[in-house]
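So the structure is just underneath, and the comments pick up after that.
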Amino acid sequence: VVAPPPPPVTFPVGVPAFGRNNYVEYIPGDLAVIISVPHGGALTPTEIPDRTVGTTATDLNTIDLGREIAAALMTRTGRTAYLIVSHLKRTKLDPNREVVEGAAGNAAAITAWGEFQAFVDTATRAAVARHGFAVYIDLHGHGHPVARLELGYLLSAATLNLGDAQLNAGYLAGSSLRTLPPLQRPFAEILRGETSLGGMLAARGFPAVPSPAMPSPGIDPYFDGGYNTSRHTLNQVVGLQIEGHYAGVRDSEANRRAFAAALAAALDEWVQLHVRRSW
């Protein structure tokens, strides 16, 4: 299946653009952060039949959370993050799978899938051209029993269960941090030490795995990152999949705002320390 060609690469900063059927929203920015929200949509158009293969659960309130994170980044940096949102319910489209599974062969869904991916591609190209780097966040919500953030760097739970020495010996290249500049700290420190994104979020009141307190998920369920994270963390783009638990992160406007502020602050600090860039 061939996805539609990318949309034009230039859009006014902060002005929403939409795909052909208004199923995919793109807000262009001028900050080196791209946020995509693939599983928070609610639209159920009759032109797209329900998918019969794969997961179909909705990540509740993740669209609102994505907008709060963008607002918090604006408050902190004075710049606008790129935001890409699928408004289709996951029963109709999963943009975090390859197109065969994600669109299930429906022409309208294939078009929406292609637009979602093209908007992310457009955003990452624009951010790298402007800043020389970009940070990509694929935003999700999980329903696992442990109420903690799951930060997915394309490393499995079994890999995170390894010791630091083993992680440092050869796992950077398979992670979504593989495009970091030459490391000035051990990889395990960047991944789950005090100066990791998980460590910085935990220090701000949001427990996370991996982090110093929870360096690995152990035998608990854990999402390590999916199609989007793998596809879009290339060249000068680093990133991760963030899975937020519901209570305390996604459940209310006040909690979404508090988490967004914590993430904006942690991300700002992490980028300056490990990407060694300023906004």
[X] side, atom [atom1]; [Y] side, atom [atom2] - distance, nearest 0.5 Å:
X    : Y    : atom1 : atom2 : value
L151 : M214 : CG    : CE    : 9.5 Å
E253 : N61  : CD    : CG    : 10.5 Å
R125 : T122 : CZ    : OG1   : 4.5 Å
L180 : T233 : CG    : OG1   : 10.5 Å

Task: Atom CD of E194 with >12 non-hydrogen neighbours under 6.0 angstrom - done: no

TODO: Using only heavy-atom distances, determine whether the side chains of Q117 and D121 contain a donor-acceptor pair under 3.5 Å.
DONE: no

- [ ] Tell me yes or no: between the side chains of S156 and D224, is some donor less than 3.5 Å from an acceptor?
- [x] no

Non-hydrogen atoms of [X] and [Y] that approach each other most closely:
X    : Y    : result
L43  : K92  : O-CG, 4.0 Å
A72  : A260 : CB-O, 3.5 Å
A109 : L93  : O-CD1, 3.6 Å
L197 : Y153 : CB-OH, 3.7 Å
W270 : L177 : CH2-CD2, 3.8 Å
F11  : F119 : CZ-CE2, 4.2 Å

Could you list the donor-acceptor pairs under 3.5 angstrom formed between side-chain atoms of residues 64-71 and any protein atom two or more places apart in sequence or on another chain?
| from | atom 1 | to | atom 2 | distance (Å) |
| --- | --- | --- | --- | --- |
| R67 | NH1 | E25 | OE2 | 3.4 |
| R67 | NH2 | E25 | OE1 | 2.8 |
| E68 | OE2 | R257 | NH2 | 3.4 |

Open item on the list: Students often mix this up, so state it plainly: with edges at 30° and 60°, are the rings of W113 and Y227 parallel, tilted or perpendicular?
Closed with: tilted

Open item on the list: Is any side-chain heavy atom of L191 closer than 4.5 Å to one of L160?
Closed with: yes

Task: Worked verdict on T195 versus H274 for side chain to side chain donor-acceptor pair (under 3.5 Å) - done: CA-CA 9 Å; T195 66; H274 297 303; 3.2 Å; yes

TODO: Quick one: list whatever passes side-chain hydrogen bond (donor to acceptor under 3.5 Å, both in side chains) with T58, sequence neighbours left out.
DONE: K89

Open item on the list: Test of understanding: with side chain to side chain contact (heavy atoms under 4.5 Å, CB included), list the residues that count as partners of A134, not counting sequence neighbours.
Closed with: I34, A127, V128, V237

Open item on the list: Holding to ring pair (Phe, Tyr, Trp, His ring centres under 6.0 Å), I want the full list of residues that pass it with Y136, two or more places apart in sequence or in another chain.
Closed with: H232

Task: Partner set under ring pair (Phe, Tyr, Trp, His ring centres under 6.0 Å) for H245, not counting sequence neighbours - done: none

Open item on the list: Taking the basic N atoms (NZ, or NE/NH1/NH2) and the acidic carboxylate oxygens, is any pair closer than 4.0 Å for R185 and E189?
Closed with: no

Open item on the list: For residues 11-23, which residue pairs pass the side chain to side chain donor-acceptor pair (under 3.5 Å) check, not counting sequence neighbours?
Closed with: Y23-E47

Task: Residues F259, F206; criterion ring pair (Phe, Tyr, Trp, His ring centres under 6.0 Å); working and verdict - done: CA-CA 8 Å; F259 171 68; F206 292 92; 5.3 Å; yes

